[in-house]
Undergrad: 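After the structure tokens below, expect a handful of questions from me.
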2 protein chains.
Amino acid sequence: MVDRRRSRGDERRAEILDAALETFAEKGFRGASLAAIAERVGLTQQGLLHYFPSKEELLVEVLKLRDERDTDALGDNADGSTMSLNALSTLVEVNAGRRGIVQSFTVLSADSVTDDHPARDYFVDRYRRVRRKFAAVVAAECGDQLPSGMDPEQAATLIIAVMDGLQLQWLLSDGEVDMPALFRHFVALLRD
Amino acid sequence: MVDRRRSRGDERRAEILDAALETFAEKGFRGASLAAIAERVGLTQQGLLHYFPSKEELLVEVLKLRDERDTDALGDNADGSTMSLNALSTLVEVNAGRRGIVQSFTVLSADSVTDDHPARDYFVDRYRRVRRKFAAVVAAECGDQLPSGMDPEQAATLIIAVMDGLQLQWLLSDGEVDMPALFRHFVALLRD
DNA sequence: GTCTATAAAAAGATAGAC
DNA sequence: GTCTATCTTTTTATAGAC
């Protein structure tokens, strides 16, 4: 086990990363100024730049941190053994209670498809990884008994699509879209 | 029938709207400068502002135009009578051949969830309208015989979610995601 | 570590010439 | 209708004091 003690500087960095994620969610990457992020933690823009060399580097580190936390929260081991379709439904329920996180990923992932975006490689890689992981979950739970002759990787791609698409509509619907209920319906379709 | 003749000025406006949509797709709304849009049609930034009073107004008009063209392209009448689930599969196929359009809507719709975004009202209203329309299509084609006890509006919400979610993964996958095939699989699930 | 000062660039918008 | 000139604001980033 490595040393997990945190210096004061590490704590400050963590604060900044949280503030950055919130601000990116509210304003988008380009719309979020370093000054606005710095203000949230009681720093000036230049004070913030003492911890991160540039805005792009800050974004990359924000996304790295998010991944680590999500991995912890999902309780999915390296081999993915603890995950299940039910766990995914639970994840959707959890997400329905944290609009900020959902909004940040919706905004940043879509923004990343634009030209030379600093987060593009991250999201390309992330979707590939998540597809593989979800495909393993589907294969373990349904075997090859998927409706309509789908294979597990195709089912995984659809599962992710439903999650992302529901999040966008949910963010734009003022309570008209019941994300967890709809996701459960979709899982029911998959189970046949 | 109203007079459909176009003045030179109208043509210029149409050119600018096309250029704006392309630039928004490539750079996002905040990342697209008026100067970059103007350059595409051989104008200066100030020349462009002769046709549209502000960048926000330009965005609103771009989205209006898009809606009109989509309505034409889908051939959906006011009562929705000519639409079907098969027509939606065809739409997904068409979209797989026009990355720019898909990218523009992915980028702009997600951006619209940020604070005080000028396109937010447009997308909130659009999703509501499309849910109603798709629900009518589902009801006409499947009646109330939907799997898992879903109602037509819930099915419509899922259909839209799958479309949007697949588009995002498709844009970020370098050919690894077959959008039309996956959508057809999903429709097959709905049909039971 | 955090600040002040400041540079340097870019953007949206307005005024007015032609 | 389109341009040049210009204003004003905002933003990222650097240099250096404390």
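In the text below, chain A, chain B and the rest are named by the order of the sequence lines, each starting its count at 1.
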Undergrad: Above 12 or not: heavy atoms from other molecules or residues under 6.0 Å from CG of B/Asp116?
TA: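 Counting neighbours around CG of B/Asp116, 12 or fewer heavy atoms of other residues, nucleotides or ligands fall under 6.0 Å, so no.
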Undergrad: Show the nearest heavy-atom pair for residues A/Trp170 and A/Val177, with the distance to one decimal.
TA: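 Looks like CD1-O, 3.3 Å.
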Undergrad: How close or far is atom P of C/dT4 from atom CG of A/Leu43, stated in whole angstroms?
TA: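 Checked: the CG to P distance equals 11 Å.
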Undergrad: Do A/Leu58 and A/Leu17 come close enough that some side-chain heavy atom pair is under 4.5 Å?
TA: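 Touching, per the 4.5 Å side-chain cut-off.
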Undergrad: Round to the nearest Å and state the distance from B/Glu39 atom CD to D/dC3 atom P.
TA: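 It works out to 12 Å between those atoms.
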Undergrad: Which whole-number value in Å describes the distance from B/Arg12 CZ to D/dT2 C1'?
TA: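 It works out to 9 Å between those atoms.
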Undergrad: Summarise how protein sits on nucleotides 6-18 of chain D as a single string, 5' to 3': B when a protein heavy atom is under 4.0 Å from the base, S for sugar-phosphate-only contact, - for no contact.
TA: B----SBBB----
Undergrad: What's the NZ-C1' distance between B/Lys27 and C/dG12, to the nearest Å?
TA: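 That distance rounds to 18 Å.
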Undergrad: Look at atom CD of A/Glu11 and say whether more than 12 heavy atoms of other residues, nucleotides or ligands are closer to it than 6.0 Å.
TA: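 More than 12 heavy atoms, drawn from other residues, nucleotides or ligands, come within 6.0 Å of this atom.
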Undergrad: Supply the atom-to-atom distance A/Glu68 CD to A/Leu63 CG, rounded to the nearest 0.5 angstrom.
TA: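 Going from CD on A/Glu68 over to CG on A/Leu63, the span is 11.5 Å.
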Undergrad: Respond yes when some side-chain nitrogen or oxygen of A/Thr44 is under 4.0 Å from OP1 or OP2 of C/dC3, and no when none is.
TA: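 For C/dC3, OP1/OP2 do have a side-chain N/O of A/Thr44 under 4.0 Å.
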Undergrad: Is the shortest side-chain heavy-atom distance between A/Phe134 and A/Pro152 below 4.5 Å?
TA: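 A/Phe134 does not reach A/Pro152 side chain to side chain.
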Undergrad: Starting from C1' on C/dA13, measure out to OH on B/Tyr51 and report it in whole angstrom.
TA: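 Taking OH of B/Tyr51 and C1' of C/dA13, I get 18 Å after rounding.
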Undergrad: To the nearest 10 degrees, how far apart in direction are the end axes of the helix from C/dG1-D/dC18 to C/dC18-D/dG1, each fit to five base pairs?
TA: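 About 0° separates the two local helix axes.
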Undergrad: Side chains of B/Asp10 and B/Tyr51: is there a donor and an acceptor less than 3.5 Å apart?
TA: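 No, no side-chain donor-acceptor pair sits under 3.5 Å.
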Undergrad: Give the rounded distance in Å between these two atoms: CD of A/Glu15 and C1' of C/dT2.
TA: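 For the pair A/Glu15 CD and C/dT2 C1', the rounded distance is 14 Å.
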Undergrad: To the nearest Å, give me how far apart CG (A/Asp10) and C1' (C/dG1) are.
TA: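 In whole Å, C/dG1 C1' lies 14 Å from A/Asp10 CG.
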Undergrad: Without decimals, in angstroms, what is the distance between B/Ile16 CD1 and D/dG1 C1'?
TA: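 For the pair B/Ile16 CD1 and D/dG1 C1', the rounded distance is 11 Å.
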Undergrad: Let me see the working for B/Ser112 and B/His117 under side-chain hydrogen bond (donor to acceptor under 3.5 Å, both in side chains), right down to the final yes or no.
TA: CA-CA 5 Å; B/Ser112 81; B/His117 195 282; 5.4 Å; no
Undergrad: If you draw the axis of the six-membered ring of A/Tyr122, does the NZ or CZ of A/Lys64 fall within 45° of it and under 6.0 Å from the ring centre?
TA: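 Output no; distance or angle outside limits.
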